[in-house]
Amino acid sequence: MIKNNSGVKSATGLTGSGSRDWIVQRLSAVVLTFYSLVMLGFFLTHGHVSYIEWVNFMMSLPMRLFSLVAIIALAGHAWVGMWTVFTDYITKGKLGSKASAIRLLLQAAMIIAILVYLFWGIMIFWGIGVSTVVVS
């Protein structure tokens, strides 16, 4: 493991490379922006959205696939962002000798939260309930 200038050992980045993490962060931001624009466009073009319209839109194959990509992008984006914050601000220089333990605890909590959201999101779009699509 290589120490950076902050004294933090860099071993838990997403890709193991700062350049690749930067690319993951930027590409995931583009995916999330496009997903947000699609959602905004849906609501702007459908004044009052009924439950049937919403389910049919979100459970269509293109939106289920796009939502899966967006969920994965969100997980990658969140991890790179939070790892960067933790390694930049939870350092021995700022918090003393307990910084490594605090950072490890925070990173573990983030990993658990991201995995819960990732699996929960996948279950929403690809789980047991998807066969209940309402056709009007």
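In what follows, residues are counted from 1 in the order of the sequence shown. Reckoned from all heavy atoms, side chains included, excluding hydrogens, waters and symmetry mates. This one's a predicted model, so the numbers in the text were calculated from it and none came from an experiment.
- The hydrophobic cluster containing Leu74 does not contain Val24, counting ILVMFWY residues as joined when their side-chain heavy atoms lie under 4.5 angstrom apart, directly or transitively.
- Leu27 has its side chain within reach of Ile23: a pair of non-hydrogen atoms, C-beta onward, lies under 4.5 Å apart.
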*Please lay out, stage by stage, how Phe43 and Trp54 fare under the test ring pair (Phe, Tyr, Trp, His ring centres under 6.0 Å).*
CA-CA 10 Å; Phe43 285 113; Trp54 176 248; 5.4 Å; yes

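- The ring pair (Phe, Tyr, Trp, His ring centres under 6.0 Å) test applied to Phe66 returns Phe34, Tyr35, not counting sequence neighbours.
- The hydrophobic cluster containing Leu40 also includes Leu44, under a criterion of side-chain heavy atoms closer than 4.5 Å among ILVMFWY residues, counted directly or through chains of members.
- For the pair Ile71 and Tyr117, the minimum side-chain heavy-atom distance is 4.5 Å or more.
- Residues Lys92 and Ser100 form a side-chain contact, since some pair of their non-hydrogen atoms from C-beta on lies under 4.5 Å apart.
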*Residues Gln25, His77; criterion side-chain hydrogen bond (donor to acceptor under 3.5 Å, both in side chains); working and verdict*: CA-CA 5 Å; Gln25 188 78 11; His77 191 86; 3.2 Å; yes

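- For the atom pair Thr91 OG1 and Ile102 CD1, the distance stands at 10.5 Å (nearest 0.5 Å).
- Between Phe42 and Val49 there is a side-chain heavy-atom pair separated by less than 4.5 Å.
- Gln107 is listed as a side-chain neighbour of Trp79, based on a closest heavy-atom distance under 4.5 Å.
- With a 4.5 Å cut-off on side-chain heavy atoms, Met110 and Ile114 count as touching.
- Contact annotation: the side chain of Met39 approaches that of Met58 to within less than 4.5 Å [non-hydrogen atoms, C-beta and beyond].
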